[in-house]
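Everything below concerns the one structure shown next.
Note that the coordinates shown come from a computational prediction; the quantities given were computed from them, not determined experimentally. Chain identifiers are assigned alphabetically (A, B, ...) following the order of the sequence lines, protein sequences preceding nucleic acid strands; residue numbering begins at 1 within each chain.
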There are 2 protein chains.
Amino acid sequence: MATAPPPLDAVELGAYFALIEVAGLLRHAVEQQLREETDISYVQFQLLARLGLDSPTGSERMTDLADGVVYSRSGLTYQAGLLEKAELVTRGQSADDERGVTVSITDAGRAVVSRALPGHVEVIRDLLLQPLSRTQVEQLYAVLEPAREHMRAAPPRSARARRGGRSSPAAAS
Amino acid sequence: MATAPPPLDAVELGAYFALIEVAGLLRHAVEQQLREETDISYVQFQLLARLGLDSPTGSERMTDLADGVVYSRSGLTYQAGLLEKAELVTRGQSADDERGVTVSITDAGRAVVSRALPGHVEVIRDLLLQPLSRTQVEQLYAVLEPAREHMRAAPPRSARARRGGRSSPAAAS
DNA sequence: GGTAGGTGCTTCGAATCCGAAGCACATTGC
DNA sequence: GCAATGTGCTTCGGATTCGAAGCACCTACC
């Protein structure tokens, strides 16, 4: 048998496990804090924050949102429905594509973000940043950034193989 | 009251977001790979790996498992039930505590871990480690390790405040 | 010894998530 | 203009998750 499968040394394994665990614990803590102080979940906060803080126009297309928040399309549809019902966002048709849906944050949505942000930041600071030096925070960012770029490019995370077809922008186009 | 919460600067925010996103994407990829090659989910693999690789005896108490995998007690009960039904673990009473439950991995469980590990490792390597230099991997570990320790200590992650007394005073036997 | 409080695990109901399938629109080639 | 193919979002069914409540046992204190 072609054994010898564990080619990860202690540091690599440690980095992987620590990454998963730290992210999990952090997310768990933020989720709980958000649940206590606000009426929205972590995912919903992420979506609202992306719309309210990241986007200059306050609106984005569904697919872009899904890609940014990792979740599946169907999950995003579900969450967008909840947010729309809560009147924190509105859904409208995209200007270009008739089938595209543009999600826009409302004033109420911005208010929720503003109200939730302080506590959110506090958790991040207390749990993640507090035990780290400035240099370490910079290192963390410097290391994770290329990993993020690599991951975003490598697997078509949301473009699941609809079929066996090619998506290569090659000749036949 | 109106304590102006110092906002996070670009690096801090970037580190936080990158951490969440990288962990999410990585977990998603591993989850999918695991789903295709094996019959167990990511959580189940984590549990089995913890029992089979981390524990010298191959068994651990429920609470320790829950703390290590972040999830709630009820979630662990559910997963342990599934694993037991699949005959990958067994559940028995702890020696000391009559109310404690000890989970032990079976040979079939170890086999599943061995079979799943190579692909698992490959995903980690391709997605997380490949774009990083050796130094960066070491930095990642060196930075995340204190954060993990801090998080483990700071919040009683599983010791939820059991507020709320009993409803029936006496004669509840 | 007896009672009060704490801990360990499970059950329960509800919420959330995902992948597959389906529908509607867009784009291309004829 | 019309058919064929690709893309965007939603619906659907099932699986997984959590928190709260509940039961059983252990520990501390009188």
On DNA chain D, nearest-nucleotide positions of Ser94(A) versus Glu31(A): which is more 5'?
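With Ser94(A) and Glu31(A) compared, the 5'-side residue is Ser94(A).
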For [X] and [N], give me the distance from atom [atom1] to atom [atom2], rounded to whole Å.
X	N	atom1	atom2	result
Arg61(A)	dT10(D)	CZ	C1'	17 Å
Ile40(A)	dT16(C)	CD1	P	12 Å
Leu34(B)	dT16(D)	CG	C1'	15 Å
Gln93(B)	dC9(C)	CD	P	11 Å
Arg27(A)	dT17(D)	CZ	P	13 Å
Asp97(A)	dC23(C)	CG	P	21 Å
Gln79(B)	dT10(C)	CD	P	13 Å
Leu83(A)	dC9(D)	CG	C1'	16 Å

Base, sugar-phosphate, or nothing: which does [X] touch, judged by heavy atoms less than 4.0 Å apart?
X	answer
Leu82(A)	sugar-phosphate
Arg35(A)	nothing
Arg91(B)	sugar-phosphate

Measuring from the side chain of [X] (C-beta onward, heavy atoms only), which nucleotide among [options] has the closest atom?
X	options	value
Ser72(B)	dT10(D), dT11(D), dC18(D)	dC18(D)
Arg99(B)	dT17(D), dG6(C), dC9(D)	dG6(C)
Thr77(B)	dG19(C), dC9(D), dT11(C)	dT11(C)
Tyr78(A)	dC18(D), dT17(D), dC17(C)	dC17(C)
Arg73(B)	dT10(C), dT11(C), dT16(D)	dT10(C)
Glu98(B)	dC25(C), dT17(D), dC25(D)	dC25(D)

Any donor-acceptor pair under 3.5 Å linking the side-chain atoms of Thr102(B) with those of Ser94(B)?
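Present: a donor and an acceptor within the cut-off.
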Between the side chains of Thr57(A) and Ser59(A), is a donor N or O closer than 3.5 angstrom to an acceptor N or O?
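There is such a pair between these side chains.
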More 5' along DNA chain C: Ser74(A) or Gln44(A), using each one's nearest nucleotide?
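Its nucleotide being nearer the 5' end, the pick is Gln44(A).
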Considering heavy-atom distances to DNA chain C, does Val101(B) or Ser41(A) have its closest nucleotide positioned more toward the 5' end?
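It is Val101(B) whose nearest nucleotide is closer to the 5' end.
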Base dG8(C) to side chain Thr63(B), donor-acceptor N/O within 3.5 Å cut-off
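No such pair is found, so the answer is no.
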Straight-line distance of Glu122(B) CD to Leu127(B) CG, nearest 0.5 Å:
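If I round to the nearest 0.5 Å, the distance is 10.5 Å.
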Roughly how far apart are Gln33(B) CD and Phe45(B) CZ, rounded to 0.5 Å?
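So the CD of Gln33(B) and the CZ of Phe45(B) are separated by 9.0 Å.
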Would Tyr42(A) and His28(A) count as a close aromatic pair, with their ring centres under 6.0 Å?
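Centroid separation for Tyr42(A) and His28(A): 6.0 Å or greater.
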Hydrophobic cluster membership, Leu144(A) vs Leu13(B), 4.5 Å side-chain cutoff
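Yes, one cluster joins them.
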